[in-house]
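Computed from a predicted structure; not experimentally measured.
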Amino acid sequence: MSSERRKILPLDKSVVNLIAAGEIIIAPSNALKELLENSIDAQSTQIEVMVKDGGVKLLQITDNGKGINKEDMPILCERFTTSKLVQFDDLKSIATYGFRGEALASISHIARVSVITKTNEDSCAWKASYKGGEIIGGETDGIKPVAGKNGTILVVEDLFYNVPSRLRALRSHNEEYSKIVEVVSKYSIHIENVGFNCQRQGGGGYDVNVRQAASRKDRIRSVYGSSIANNLIDLDIEIDDETRENYGLVSCKGLISNTSFENKKTIQPIFFINNRLVVCDPLRRAVTSVYGTYLPKGHRPFIYMSLTIKPENVDVNVHPTKKEVRFLNEEEIIELIVDKINDILKNLDSSRIFMTQQILTNTKRIEDDIESRRNKRMKINDYEKKTETPKLKPISQIKKLYEHEMVRSDYSQTTLNQFIKAPNNTVKEQKPMTLLSIKTLREEIESHLDDSITKLFSQHTYVGIADYKKRLLCLQYDVNLYLVDYGSLCYELFYQIGLADFSNFGVIEIANENDEGLSIKKLIKDEIYGNEEVINLFKKNLKTLPDLDTAVKTAFVDMKEMWEEYFNIKIDASDEGNPKLTSLPLFIEGYTPSWNKLSLFLFRVITKVNWEDEQECLGGILRQLALFYVPDMIYDNDNEDENNSNEEAKVKLRNVIENIVMPVVKSRFIGTDALRGDVIEIATLPKLYKVFERC
Ligand code: ADP
Ligand code: MG
């Protein structure tokens, strides 16, 4: 046996003594973590995990790493044999995961372990099986040549076969398996340039499957889904020399969720310290609590963070499975991280970031036009019949019987200027409005002010949504109940906000999978030009469809500066023939438009906006934007799957209307005569009380 080929050496006894208690494998996922770390240490680029019965029956890891020399195989599972550490000093500068040569030994005492391995230099693979730390069949007969690729297959079978108490203490196979998936998932996020997959033997496909070339964001997307991946911000804390020297913190990087990330589930933060998956409760608590001030109540962040700390400052032996870590200057380091995250989140306050959902095309859902608003008003009349209330009058005709009881306030004083201090623009400096056209449009609203409607909205008590398809909500005002077409209400509200906040909007950033925005042409082409039903609807009013290339150039590429300056609609026209939309205006903090209508909005811009006249152009764009931001109608469906997603959409909308839209309506909305047909009294409480008294 050539000694230079021998890489795994027994550790010196003195080193052994310096190392705290041995690893204890308490669950299959602990064993898996060790095996995974070994494969990563072996410089693999592809690691595949196969599991049976929650890892109890089988845990198999296949990697394409360096492999193990045949000469090292006899002592592979001996305690304190490692190829990674020779002296105690090495402990201080250890760069690899394992360094105690204990994992395989421990596992081989409580399971049947076998290895098939091949190094680059070997012409065939070698196979050996172990029991109680020793090779079965002895050093010479126990190692058999087999066919195999470069790398190592480590097979662990019948875990805890000789430790029945531990076996009994395990959770169900499913639970143990999900712990394994969790470990693989987390490493697959952290370790770039390595492909990972994990599956159950004989089960339906991969539960983790991350491509070798995937970016970190894509890794997160693959494991946790798009809603997380689309809401991430980079964390990269600059560490000055002083911090490095005094606290031993070398780097802190990661990806953390932004303030628009809507999530009520707890996702345990993922911490890697010196490339090792760890648990660090003080850090977890501190980092999660920063989000408390920025997220709505009950919402939780996603946190992935990788710290490098001088190895001599890290104590990994606190916990037998090496998961819980302690490090020197913990408080100072945590404070530094928390401050930085706080800064980042604070600066996000005026801009909301999220990505597009899949854009659905459905003619039913996009016939959101002025005509259909009229139709809806007719539908409200249908609704009136059903509700059997004897007299239904638009609010404007209602005699204000109880007015003497109400607190008086002078609504003629309400002007659009009150909008200018929009809460979503607290950070940005307000630009003064110098455009006469916008001033004129604002005055136009004020000239249509309707006192009674304004009063109703500013003093209402919100009751709830009455109809998702007809977009009706119910309000109480004084002793009356009203049905309000919230489609129309939002349309007017967003138009007003558009005028009031003109050129001072917050921003909604858009990014697709490749972080490059959405192709305007593609959206119009795929969803409008390519959709016969939609086109037929439009052909009724339009003689010919405009040439897409020219229209997009005129309306978007040539007007790029205007879009950005006035509307915060950023267009990336670096490829002139294919401009991309990268942001939209934020009208109300926390409110995002439905992507279903984006293509329709773009199409309306190229067909309905008059580019010849400033006032008509800007007003037209604001009208189209308002229409785009109106919430979708939600249809009930026969299809059960779709119904479930409808239920989800309803819950979401309910929350948005009640907590985001209506408070703004209450504080800022100016009722105009345009809404007269959209507000209908359905009952007065005294009459209702009489009905109940009779019962
Ligand atoms: P440690 O990782 O602490 O060194 P282990 O018991 O986990 O101890 O592994 C013992 C040795 O076996 C490692 O040092 C390494 O040389 C070798 N080894 C284990 N798994 C692999 C693998 N997948 N590829 C290459 N070598 C491996
Ligand atoms: Mg190891």
Side-chain angles (χ1 to χ4, degrees), residues 350-352 370 373 411-450 453-454 457-458 488-508 554-571 581 583-589 591 593 597 601-602 604-630 661 664-665 667-675:
S350 69
S351 68
R352 295 255 147 179
I370 306 291
R373 289 180 60 225
Y411 289 93
S412 59
Q413 296 285 305
T414 314
T415 70
L416 272 168
N417 289 329
Q418 76 190 73
F419 280 83
I420 289 187
K421 273 237 162 93
N424 53 338
N425 282 318
T426 42
V427 177
K428 228 169 48 174
E429 218 187 287
Q430 292 292 326
K431 290 176 223 156
M433 179 39 56
T434 50
L435 289 178
L436 185 64
S437 54
I438 294 296
K439 283 185 182 156
T440 312
L441 289 170
R442 285 179 184 171
E443 281 159 16
E444 202 182 302
I445 294 229
E446 282 157 34
S447 72
H448 286 274
L449 177 85
D450 182 312
I453 292 179
T454 304
F457 283 115
S458 68
S488 294
L489 174 63
C490 288
Y491 176 64
E492 293 299 333
L493 173 72
F494 289 129
Y495 177 64
Q496 288 181 13
I497 295 176
L499 277 175
D501 286 359
F502 190 78
S503 82
N504 282 307
F505 305 110
V507 65
I508 298 171
T554 319
F556 293 103
V557 180
D558 294 347
M559 305 301 273
K560 186 172 155 323
E561 277 79 9
M562 178 220 53
W563 284 108
E564 174 156 359
E565 182 174 358
Y566 293 159
F567 301 99
N568 235 343
I569 291 183
K570 291 185 198 124
I571 293 160
L581 197 65
S583 78
L584 288 171
L586 177 74
F587 281 163
I588 303 176
E589 193 72 37
Y591 186 92
K597 288 185 296 205
F601 162 70
L602 298 170
R604 288 205 185 107
V605 165
I606 61 171
T607 51
K608 295 202 168 178
V609 172
N610 175 2
W611 300 94
E612 308 304 321
D613 175 274
E614 188 192 272
Q615 185 172 321
E616 279 210 61
C617 170
L618 299 178
I621 290 172
L622 286 173
R623 283 278 170 207
Q624 295 309 336
L625 268 172
L627 209 50
F628 169 30
Y629 278 56
V630 166
V661 175
V664 175
V665 166
S667 63
R668 303 163 61 188
F669 185 67
I670 296 172
T672 61
D673 49 18
L675 272 172

Glu444 side, atom CD; Glu446 side, atom CD - distance, nearest 0.5 Å: 11.0 Å

Provide the full list of side-chain hydrogen bond (donor to acceptor under 3.5 Å, both in side chains) pairs with a residue in residues 614-624, sequence neighbours left out, each pair given once. Ser437-Glu614, Asn610-Glu616

When every non-hydrogen atom of Ile453 is compared with those of Thr672, the smallest separation belongs to CD1-O, 3.7 Å

Evaluate side-chain contact (heavy atoms from CB on, under 4.5 Å) for Ile606 paired with Phe556, printing each intermediate quantity in order. CA-CA 9 Å; Ile606 61 171; Phe556 293 103; 3.7 Å; yes

Do the side chains of Ile571 and Met559 get nearer than 4.5 Å, heavy atoms only? no

Is it the case that the side chain of Ser488 and the backbone of Leu675 share a donor-acceptor pair, with hydrogens and angles ignored and the cut-off at 3.5 Å? no

Determine, step by step, whether Phe669 and Glu492 satisfy the side-chain contact (heavy atoms from CB on, under 4.5 Å) criterion, reporting the C-alpha distance in whole Å, the side-chain angles of both residues, the deciding distance to 0.1 Å, and the verdict. CA-CA 9 Å; Phe669 185 67; Glu492 293 299 333; 3.9 Å; yes

Option passing side chain to side chain contact (heavy atoms under 4.5 Å, CB included) with Arg442 (candidates Ile445, Thr440, Ile438): Ile438

Closest approach of Phe587 and Gly498, non-hydrogen atoms and distance? CE2-CA, 4.2 Å

Spacing of Asp501 atom CG and Phe494 atom CZ [to the nearest 0.5 Å]: 11.5 Å

Mind listing the closest non-hydrogen atom pair of Gly619 and Leu441 along with its distance? CA-CD1, 3.6 Å

Side chain of Tyr591, backbone of Tyr629: donor and acceptor closer than 3.5 Å? yes

Minimum heavy-atom separation for Pro585 to Ile569, with atom names? CD-CG1, 3.5 Å

Go through it in stages, so that I can follow the logic: the residues are Leu622 and Tyr495, the test is side-chain contact (heavy atoms from CB on, under 4.5 Å), and I'd like the CA-CA distance, side-chain angles, deciding distance and then a yes or no. CA-CA 6 Å; Leu622 286 173; Tyr495 177 64; 3.8 Å; yes

Can you name the nearest heavy-atom pair linking Leu493 to Val664, along with the distance? CD1-CG1, 4.3 Å

Rounded to the nearest 0.5 angstrom, the CG-CG distance for Leu449 and Asp673 is 9.0 Å

Tell me, with the steps shown, if Arg668 and Ile497 meet side-chain contact (heavy atoms from CB on, under 4.5 Å). CA-CA 9 Å; Arg668 303 163 61 188; Ile497 295 176; 4.1 Å; yes

Are the side chain of Asn568 and the backbone of Gly506 linked by a donor-acceptor contact shorter than 3.5 Å? yes

Taking the inter-plane angle between the rings of Trp563 and Phe567 on a 0 to 90° scale, is it parallel (under 30°), tilted (30 to 60°) or perpendicular (over 60°)? tilted

Tell me, do Pro593 and Ile508 make a side-chain contact under 4.5 Å, heavy atoms counted? yes

CD1-SG distance between Ile588 and Cys490, expressed to the nearest 0.5 angstrom: 7.5 Å

So Ile621 and Tyr566, do their side chains get closer than 4.5 Å, heavy atoms only? no

Separation between OH of Tyr491 and CG of Leu627, rounded to the nearest 0.5 Å: 5.5 Å

For Ala555 against Val605, the heavy-atom pair lying closest together: CB-CG1, 4.3 Å

